[in-house]
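All heavy atoms count here, side chains included; hydrogens, waters and symmetry mates do not. Count residues from 1 along the sequence.
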Amino acid sequence: MPGSQRTETTEPISETAAEAHVHGVCFKTGPPRLLGVELEWFVHDLEDPARPVDEGRHTAAVEALRNLSLGSLLTLEPGGQLELSSLPASSISQCVESLTADLDAVRQRLREHGLGLAGHGIDPWHSPRRLLDLPRYAAMERYYDRDWPIGRVMMSSSASVQVCLDAGTEEPGPFGQQRRWLLAHLLGAVLVAAFANSPLQDGRLTGWKSTRQAVWASMDPGRNLAPAADRDPRAAWAAYAMEAPVLCIRDDTGPWAVPEALSFREWIRTGAPRPPTTADLDYHLTTLFPPVRPHGHLELRMMDAQPGPDGWTVPLAVTAALFDDANASETAYRAVKPLAETAGTSPAPCNPLWRGAARHGLDDPELRATAVTCFTAAQEALPRLGASTAVQAAVADFTERYVLCGRCPADDVLDHLSWKGPLV
């Protein structure tokens with residue numbers, strides 16, 4: 001959740017201009033060409049992952065990483081989670097190759113400090129601890145502490161694989177932006193279930209296969225739920241953004257204000273404590289965290305971080321294939337449409353479909369059958385998309401090991417606890 005620098009003018013924005021701005025910047029349409037991925041990781045002690053990494057050691061390691069020449073953007077989450085965001089790539093293989101090279105360099109540098117990277121949706125060992133003392137995160141913590149103290153877990157103890165895809169075309173069909181928007185919100189539950197990887201929190205079982213998704217569903221509905229599904233995506237998102245509560249008001253001279261129950265629309269109308277600008281609106285958009293966030297492209301935010309050095313390649317490849325290959329996209333759309341009945345009228349991730357995915361993973365028969373269809377379609381599409389043999393093999397192995405058996409990575413953790421005791 002990186003912040004942004006304040007370079008705006010001080011000219012206030014009107015309500016009409018704000019709605020038009022959201023319309024214009026959040027759905028940039030055209031034939032799908034580019035994709036990207038954002039990977040969040042927990043930094044842990046190589047000898048004993050359950051031993052907390054003290055702040056000084058963490059800071060020294062991160063400073064060493066700053067000297068690396070990386071193609072990806074390296075940032076930190078509030079709890080010290082490391083995030084690598086790829087540049088937009090023209091193919092799955094290009095995205096995987098460039099990010100793999102960066103990860104190899106990062107891991108090598110961290111090893112010199114006795115540290116490693118771990119992929120879990122929720123930190124399985126430690127309670128939330130905020131390391132970044134930045135105005136954004138101080139304000140965010142104050143905001144969530146009012147009514148959703150579980151927000152500290154989201155900020156400092158969660159990690160994900162976020163896949164970024166082009167929004168789609170204006171025309172109907174498998175690449176149409178309205179179709180892709182709907183597909184993302186139904187397929188999203190299948191992706192939650194298939195890649196669930198967070199059954200532990202602070203050393204204890206939670207009863208959820210994806211505790212991370214359960215956490216996100218338990219917070220501020222004004223910024224964490226999906227917008228209304230019965231409207232055009234642009235209109236729905238613009239209304240959502242305007243009515244969403246303002247998390248903070250930036251201030252160059254002191255602590256950032258954290259208003260209470262102030263929507264962005266109301267901020268424009270009242271102009272207090274100062275009139276908002278276009279840059280304030282852009283910043284406001286970065287504080288909204290629905291499962292699918294339009295950023296010009298579509299940012300799919302629902303998948304847990306994955307185990308292993310290259311486990312992240314599977315959600316990237318499967319998601320890209322199901323959106324950017326016409327045949328696979330059509331198959332996926334037909335497969336997920338019946339899930340709308342299970343979802344009902346409540347928005348994701350708080351409807352029965354998404355909650356069932358987070359709690360049960362692919363134990364759910366309906367999600368399992370849909371996942372089998374979608375993963376099979378993705379496997380067939382990967383050669384057409386020019387995916388490398390290594391990526392194809394990784395997806396095939398995941399499909400056989402998990403999807404066809406109704407399992408997800410969380411089940412490996414649960415099996416380990418049953419057979420061998422605490423996760424180390």
Side-chain angles (χ1 to χ4, degrees), residues 22-38 86-96 161-192 194 226-238 240 290-303 313-340 343 348 370-371 373-388 391-392 395:
V22 176
H23 266 261
V25 303
C26 290
F27 287 88
K28 297 186 184 301
T29 53
R33 298 185 303 108
L34 301 174
L35 73 154
V37 66
E38 301 173 12
S86 73
L87 294 175
S90 59
S91 69
I92 296 170
S93 292
Q94 183 187 45
C95 188
V96 169
V161 174
Q162 300 176 14
V163 178
C164 300
L165 303 161
D166 282 332
T169 64
E170 294 290 348
E171 297 77 23
F175 295 150
Q177 56 103 355
Q178 293 197 36
R179 166 80 72 88
R180 286 163 77 87
W181 183 249
L182 177 59
L183 176 62
H185 286 89
L186 292 176
L187 179 63
V190 180
L191 299 176
V192 168
D230 58 351
R231 302 178 64 182
D232 170 79
R234 283 194 181 95
W237 180 251
Y240 179 96
V292 182
R293 183 165 67 177
H295 256 351
H297 55 273
L298 299 182
E299 183 182 270
L300 278 66
R301 305 171 48 84
M302 70 285 297
M303 289 171 280
T313 64
V314 178
L316 168 64
V318 168
T319 306
L322 294 177
F323 276 83
D324 291 350
D325 179 87
N327 291 338
S329 183
E330 185 65 29
T331 298
Y333 181 68
R334 292 179 180 178
V336 302
K337 277 186 72 176
L339 298 180
T370 307
T373 299
C374 290
F375 274 70
T376 300
Q379 283 185 266
E380 294 171 353
L382 288 173
R384 296 194 292 266
L385 294 173
S388 68
V391 169
Q392 293 181 51
V395 172

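Partner of His185 under the side-chain contact (heavy atoms from CB on, under 4.5 Å) criterion, out of Val336, Leu339, Val292, Leu300: Val292 alone. The side-chain contact (heavy atoms from CB on, under 4.5 Å) test with Gln177 is passed by exactly one of Asp232, Leu298, Leu182, Thr169: Asp232. Exactly one of Val190, Leu186, Leu187 qualifies for a side-chain contact (heavy atoms from CB on, under 4.5 Å) with Thr370. That residue is Val190.
Minimum heavy-atom separation, Ala238 to Val22: CA-CG1, 3.7 Å. Across all non-hydrogen atoms, the minimal contact from Gly36 to Cys95 is CA-SG, 4.2 Å. Nearest heavy-atom pair, Pro338 versus Arg334, reported as atom, atom and distance to 0.1 Å: CD-O, 3.4 Å. Taking each heavy atom of Glu330 and Pro174 in turn, the nearest pair found is OE1-CB, 4.3 Å. Pairing each heavy atom of Ala320 with each of Leu35, the nearest pair is CB-CD1, 3.7 Å. Nearest heavy-atom pair, Leu322 versus Cys374, reported as atom, atom and distance to 0.1 Å: CD2-O, 3.3 Å.
In this structure, the side chain of Ser388 does not engage the main chain of Ser93 through any donor-acceptor pair within 3.5 Å. For Arg180 (side chain) and Phe323 (main-chain N/O), a donor-acceptor pair under 3.5 Å exists by modelled atom type. When atom types are taken as modelled, the side chain of Gln178 and the backbone of Pro172 share no donor-acceptor pair closer than 3.5 angstrom.
A distance of 9.0 Å separates SG of Cys164 from CZ of Arg293, quoted to the nearest 0.5 Å. Atom CG of Leu382 sits about 6.0 Å away from atom CD of Gln392, to the nearest 0.5 Å. Separating the CG atom in Asp166 from the CZ atom in Phe27 is a distance of 13.0 Å, to the nearest 0.5 Å.
Between His297 and His295, the two ring planes are perpendicular [angle over 60°; tilted spans 30° to 60°].
Taking a 6.0 Å sphere around CZ of Arg384, one finds it holds more than 12 heavy atoms contributed by other residues, nucleotides or ligands.
Under the rule for a salt bridge (Lys or Arg N to Asp or Glu O under 4.0 Å), Glu38 has no partner lying at least two apart in sequence or in another chain.
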Review point. Going through the checks in order, is the side-chain contact (heavy atoms from CB on, under 4.5 Å) test met by Asp324 and Leu165?
Key: CA-CA 8 Å; Asp324 291 350; Leu165 303 161; 3.9 Å; yes

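Counting heavy atoms from C-beta on, the side chains of Val318 and Val395 come closer than 4.5 Å. Looking only at side-chain heavy atoms (C-beta outward), Thr319 and Met303 come within less than 4.5 Å of each other.
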